[in-house]
Amino acid sequence: MTLPSHLSKTSILHSFLLFIAILFAPSFTLAAPSSSLRGNKTDRLALLAIKAQITDDPLGLMSSWNDSVHFCNWKCVICGQLHQKVITLNLSYHELVGSLSPHIGNLTFLRGTSLEKTYLQGELPPELGCLLRLKYLNFSNNSFLGELWPISLATLALLYFG
Ligand SMILES: *[C@@H]1O[C@H](CO)[C@@H](O)[C@H](O)[C@H]1NC(C)=O
Ligand SMILES: *[C@@H]1O[C@H](CO)[C@@H](O)[C@H](O)[C@H]1NC(C)=O
Ligand SMILES: *[C@@H]1O[C@H](CO)[C@@H](O)[C@H](O)[C@H]1NC(C)=O
Ligand SMILES: *[C@@H]1O[C@H](CO)[C@@H](O)[C@H](O)[C@H]1NC(C)=O
Ligand SMILES: *[C@@H]1O[C@H](CO)[C@@H](O)[C@H](O)[C@H]1NC(C)=O
Ligand SMILES: *[C@@H]1O[C@H](CO)[C@@H](O)[C@H](O)[C@H]1NC(C)=O
């Protein structure tokens, strides 16, 4: 008699926890996009971090990335009209030398980035795998090491629950 009641207690506990999980799961997934809308400073910081890892810029692109101009008007940067978040970053053909900052993973609204014929080296940041809106990533003629990272369940879980 005691054993079944004990079992039913744990199963009640289990279903309660499951219920909590179900209750909170949608709010976590809803919280993800709205929290990424919070503030417009993150994208600027990410772009500045990308700039900081460019060691040579013969065509002077990065000098246009300065504080006298809003980052949405920096060359090669395109923002969405409503939310002032970067949606496209096209650094192609600017002969940039350096590496690609992992901070690119903070451009949460990024839909596409072109890095053709930039001379960037090093690792292609795995943080790119966190960009759920990313539709294209054009990087022919670079010197990246490593491979493209598929979005893993772990990064998805981090995005939604982290
Ligand atoms: C952030 O948004 C506010 C309000 O729209 C604006 O005044 C401010 O200049 C923006 N800052 C950046 C860095 O975009
Ligand atoms: C800042 O960028 C603008 C264009 O985006 C450019 O006209 C200006 O000369 C730049 N300022 C400096 C100090 O480089
Ligand atoms: C990126 O910019 C280059 C010129 O700098 C242009 O030729 C190319 O079409 C652009 N790519 C995309 C995907 O916008
Ligand atoms: C952006 O990304 C970097 C590296 O991926 C991280 O260290 C940083 O805390 C992130 N957030 C902001 C707001 O810059
Ligand atoms: C680069 O991306 C653009 C935008 O989607 C695409 O139209 C173009 O075909 C791509 N270029 C290459 C070489 O894949
Ligand atoms: C890559 O760049 C080199 C040197 O500029 C050029 O000779 C080669 O054709 C390029 N390859 C592609 C696939 O664009």
Side-chain angles (χ1 to χ4, degrees), residues 21 24-162:
F24 279 97
S27 66
F28 276 128
T29 53
L30 284 175
S34 59
S35 70
S36 50
L37 269 171
R38 176 190 341 128
N40 48 8
K41 289 185 185 138
T42 317
D43 281 29
R44 183 177 161 274
L45 289 177
L47 291 171
L48 288 175
I50 290 168
K51 175 180 178 174
Q53 293 209 12
I54 303 300
T55 53
D56 195 15
D57 175 19
L59 304 182
L61 168 67
M62 290 298 152
S63 69
S64 87
W65 289 23
N66 66 58
D67 278 334
S68 64
V69 180
H70 189 273
F71 70 84
C72 286
N73 295 320
W74 290 353
K75 274 175 84 179
C76 302
V77 175
I78 297 175
C79 289
Q81 292 186 331
L82 286 177
H83 42 57
Q84 295 196 322
K85 304 284 272 180
V86 179
I87 56 172
T88 316
L89 184 61
N90 178 3
L91 302 177
S92 294
Y93 308 107
H94 280 89
E95 302 178 21
L96 301 172
V97 180
S99 57
L100 186 60
S101 169
H103 280 71
I104 194 170
N106 292 346
L107 298 174
T108 44
F109 280 69
L110 198 65
R111 286 189 213 143
T113 187
S114 290
L115 306 168
E116 290 172 85
K117 253 193 145 182
T118 57
Y119 302 114
L120 300 177
Q121 292 181 321
E123 210 185 314
L124 205 54
E127 285 78 2
L128 284 165
C130 298
L131 295 172
L132 297 179
R133 294 178 174 83
L134 197 64
K135 300 252 164 48
Y136 68 89
L137 174 61
N138 243 322
F139 60 101
S140 64
N141 229 341
N142 269 298
S143 315
F144 286 120
L145 303 168
E147 291 170 25
L148 264 187
W149 292 59
I151 295 173
S152 68
L153 277 179
T155 54
L156 269 180
L158 269 176
L159 268 174
Y160 284 152
F161 299 104

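Reckoned from all heavy atoms, side chains included, excluding hydrogens, waters and symmetry mates. When a ligand or atom number is given, it counts from 1 through the structure's own listing order.
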Does even one non-hydrogen atom of Gly105 get within less than 4.0 Å of ligand 4?
no

Report yes if some N/O of Asn73 lies less than 3.5 Å from some N/O of ligand 2; otherwise report no.
no

For ligand 2, does Ser68 get within less than 4.0 Å through its side chain, its backbone, both, or neither, judged by non-hydrogen atoms?
side chain

Tell me whether Lys117 contacts the main-chain N or O of Ser92 through its side chain, where contact means a donor paired with an acceptor under 3.5 Å.
no

Relative to the ring of Trp65, is the ring of Trp74 parallel (under 30°), tilted (30 to 60°) or perpendicular (over 60°)?
parallel

Among all protein heavy atoms in this structure, tell me which lies nearest to atom 5 (O) of ligand 2, with the distance rounded to 0.1 Å.
Ser64 O, 3.4 Å

Numbering the atoms of ligand 4 from 1, which are under 4.0 Å from a heavy atom of Thr42?
13 (C)

Is there at least one pair of N or O atoms, one from Asn106 and one from ligand 4, spaced under 3.5 Å apart?
yes

Pairwise distance CZ(Phe109) to SG(Cys79) - rounded to 0.5 angstrom
11.0 Å

The protein heavy atom nearest to atom 3 (C) of ligand 2 is Asn66 ND2, 3.7 Å

Numbered in order shown, the ligand 3 atoms found under 4.0 Å of a heavy atom of Ser92 are 5 (O)

Asn90 N/O to ligand 3 N/O under 3.5 Å
yes

Is it true that Leu45 lies under 4.0 Å from ligand 4, counting heavy atoms only?
no

Distance, nearest 0.5 Å, that separates CG of Leu110 from CZ of Arg133:
10.5 Å

Do you see a protein non-hydrogen atom under 4.0 Å from atom 11 (N) of ligand 4?
yes

Proximal atoms of ligand 2 relative to Ser63 (non-hydrogen, under 4.0 Å)
1 (C), 2 (O), 10 (C), 14 (O)

